[in-house]
Structure formats: structure tokens, C-alpha cells
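As C-alpha cells, the structure follows; a few thoughts come after it.
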Amino acid sequence: MPSSSKRVLIDTDTAGDDAQALLLAATTDRLGIEGVTICAGNVEFDRQVENAKYALELVDNETTVYEGARSPLLKDHEFADQIHGEGGLGGDLFPETGIDSGEEYAVDYIVETVRENPGEITLVCLAPLTNIALALKKEPALNDLVDEVYVMGGAVHWPGNDTATAEFNFWVDPDAAKLVLEHLDVTLFDWGLSVRDTAFESDFFSTLRTEDDTALADFYLESTKVGRAYNEEHRGGERTVQPDSSVVAALIEPDLVTETDHAYVTVDEREGITRGHTVVDTGEWELGAPRTTLVESLDSDLFERMMRSLLLDGTPDDAL
Ligand code: RIB
Ligand code: CA
């Protein structure tokens, strides 16, 4: 890894978009992946573990995958295989890599890694926040030990994707999300941002189909197949959004972020129709000191170029 690379630890519930995020991180010279940790989320836990290993192996990356929380802190949860397909990668891909997981429990690995490298590690949180909340319980000084904390989750002044009021990651473990947002300085990429600035439509898919076939383009098309069909049926067109990969893209190229705000953010952890709802106060309500950086817009053309470059040339860096 080049010495100037930003060191990231990626926590993921590996389905399609998480896999694209891992591919971005594994193929850029600008990031070095310390480790990948798996948290209960999109699909059955062991599938998520295999999916992460498979994505990394696709690009010859040997980062160790550590297994973490298999359920949310307190709540029951449902998978999202209606979006991602049964195994999480479109429904037809069920990788068995034969690669061993790291021996340590993911939460212990996170805590140990940030303690050994104070101020050096950026946590990239692409899953329900259970592992991160458990790490925070184990190491209350977590905020001082990390470099940054980037989170995909929540729906800021926007309808959810999992319920009318909540985004999936926050809905699955609202207790963890609340804890993390109230105790860590988070840079938040919410579902509304994903919809506004990371959507790909048929012209993007056509390019992938007509350019010289690449393994990564094929993988992208396969792993987004069920989601594209779902969106065509329920959301007015064959499209994908890339919530998780846009977080990693912004770490690779900070200029991707074109607008931010600061706010106090917390999460409704109660059962009921507002479970997982993102509560945002930019000052008017005096709910608390603003400690969350809200990412409000991205350069969507640059993001699309980075993803195209990843899928067709094997690295996002050619687009930079
Ligand atoms: O709700 C968005 C989340 O769902 C992201 O973490 C993405 O991976 C998708 O699974
Ligand atoms: Ca995810």
C-alpha cells in the first residue's frame, strides 16, 4: 500500500452494493484496507461472509474478513433479499471461497486495531451499526482513537427504503445507530443522498454490456439483477442506487462531496412505525450539539466515471 494511502477498516453486510464498495476500496491506490468486518444485515450471515471474501478475491485482494454480530443489539430483524436476491449477489451467485475468516471476533478486532493505531484508522460503516456500537461499549474512547467515521445509513428529511420512515441499516439496529450517532463524530451518507446523486439507469448498464466484457462488469450486472428488476416493478424504472460504494468513492476522492451541513442526529429506537427514523436538528430545536456531518450532495458525474472506470478498467483511479 502506498504510504500516503488512507487506512480504512470496512464494516459491511455484504450484498451487491457492499461488494461494489469493497471492489472500489481494493482497487484504488488511495486506500489501504486494514480489515473487513461482517455485521448482521442484508442477507443470511454466512452468505455475507462469503460474499465479502468472493468480492475481494475477484480483484486478488487478500484482506482478512472477520465475523461480527449475528443479530442486532436488541431487535429482531428481517433480511432484504427481495432487493439483493437470496444470497445477496443477485440470486444466482452463491460463492464458496474456501477462505478462512480471521480468528478474532470482529468487535475485538476493531477495538484492538484502533487502539494499536491511534488516529490512523477510518471506520467505513456500510451495515447496521451493531459491531460499531459493541466496539464503542468495549472502548468508550473510540471517538478519540479513530481518524474518521463514515457511515451509510438513515434517511435525512427523506422517506426510507425499508419502511416509510426508515432506511434499512438504521431500521435493523436502531439502538446501535442511536448509540453511534450520539457518541461518535460521524460523516453521514443517507438514503436520500443515494437516491438523488448515485442512481444509474439504462445507459450505464448498456455501456457495461457493450464494452469488452470484463469480470467486474459481469459481476456488477449479476449482483444488481434482482434490485434492478425490483426497481423496475416498484420504483418506476430499471435503475440502481449505490449507497455503499458512494461512501468509499468519497474517501478515495474527497472532491466528490460538493455540499455538507452539520447537525445533531439521533435515531428513534422504539418499535412502531417510526422505528429507525433519523431525527435531525440543525440547531432550531436545541436537541443537542451538532456533531454529525451530513453529506448533502455529491458530484454524480464524477461518481459515475469512477464506477465505470472500476468496472471496465479495473480501478476507479483512472477516472481521477
Ligand atoms: O439501505 C441502504 C443499505 O442497503 C446499504 O447499506 C446498502 O448496502 C443496501 O444493502
Ligand atoms: Ca450495506
Side-chain angles (χ1 to χ4, degrees), residues 8-25 36-45 47-49 51-52 55 65 68-69 72 77-91 106 123-132 149-156 158-174 176-177 180 186-200 220 223-228 230-231 234-235 239-251 267 275-278 295 298 303 307:
V8 295
L9 194 161
I10 302 179
D11 188 68
T12 168
D13 55 338
T14 327
D17 188 47
D18 296 78
Q20 321 304 340
L22 291 178
L23 295 176
L24 276 175
V36 169
T37 54
I38 307 295
C39 186
N42 282 314
V43 294
E44 197 262 320
F45 189 89
R47 293 256 57 93
Q48 299 182 151
V49 173
N51 294 345
V65 174
H77 96 275
E78 289 160 23
F79 299 134
D81 33 22
Q82 76 280 13
I83 301 289
H84 302 291
E86 189 190 336
L89 298 180
L123 300 180
V124 185
C125 311
L126 309 177
L129 288 159
T130 321
N131 282 342
I132 310 302
V149 182
Y150 273 44
V151 170
M152 190 287 131
V156 175
W158 198 270
N161 62 345
D162 197 52
T163 71
T165 62
E167 178 277 335
F168 180 79
N169 286 343
F170 281 17
W171 182 86
V172 167
D173 200 339
V180 167
V186 163
T187 299
L188 187 66
F189 293 65
D190 82 298
W191 174 248
L193 175 76
S194 305
V195 174
R196 293 191 300 275
D197 290 345
T198 77
F200 295 159
Y220 177 88
S223 59
T224 58
K225 186 175 66 180
V226 172
R228 285 184 283 123
Y230 181 93
N231 286 339
H234 299 280
R235 292 180 179 152
R239 65 204 307 258
T240 59
V241 289
Q242 342 294 322
D244 295 349
S245 35
S246 63
V247 177
V248 172
L251 281 159
V267 177
R275 166 176 161 175
H277 182 64
T278 315
V295 178
L298 298 172
F303 176 63
M307 288 299 291

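In each ligand, atom 1 is the first atom listed, and ligand 1 is the first ligand listed. Below, all heavy atoms of this structure are taken into account, side chains as well, without hydrogens, waters or symmetry copies.
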Rounded at 0.5 Å granularity, tell me how far [atom1] in [X] sits from [atom2] in [Y].
X	Y	atom1	atom2	result
Leu298	Phe189	CG	CZ	6.5 Å
Phe170	Asp162	CZ	CG	13.0 Å
Cys39	Asp13	SG	CG	7.0 Å

Can you tell me which residue among Thr37, Asp18, Thr130, Leu126 is in a side chain to side chain contact (heavy atoms under 4.5 Å, CB included) with Asp11?
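When Thr37, Asp18, Thr130, Leu126 are each tested with Asp11, the side chain to side chain contact (heavy atoms under 4.5 Å, CB included) holds only for Thr37.
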Need the ligand 1 atom indices (1-based, order shown) with element for anything under 4.0 Å from a heavy-atom of [X].
X	answer
Glu167	1 (O), 2 (C), 3 (C)
Phe168	1 (O)
Asp244	5 (C), 6 (O), 7 (C), 8 (O)

Minimum heavy-atom separation for Ser194 to Met152, with atom names?
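Of all heavy-atom pairs spanning Ser194 and Met152, the closest is OG-CE, 4.1 Å.
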What is the name of the N/O/S atom of Asp13 that is nearest to the Ca ion (ligand 2)?
OD1
So which of the N, O or S atoms of Asp244 lies nearest the Ca ion (ligand 2)?
OD2
Assess Ala21: does it contribute an N, O or S atom lying under 3.0 Å from the Ca ion (ligand 2)?
no
Report yes or no: does Asp17 have an N/O/S atom closer than 3.0 Å to the Ca ion (ligand 2)?
no
Quick check: does Pro243 get an N/O under 3.5 Å from an N/O on ligand 1?
no
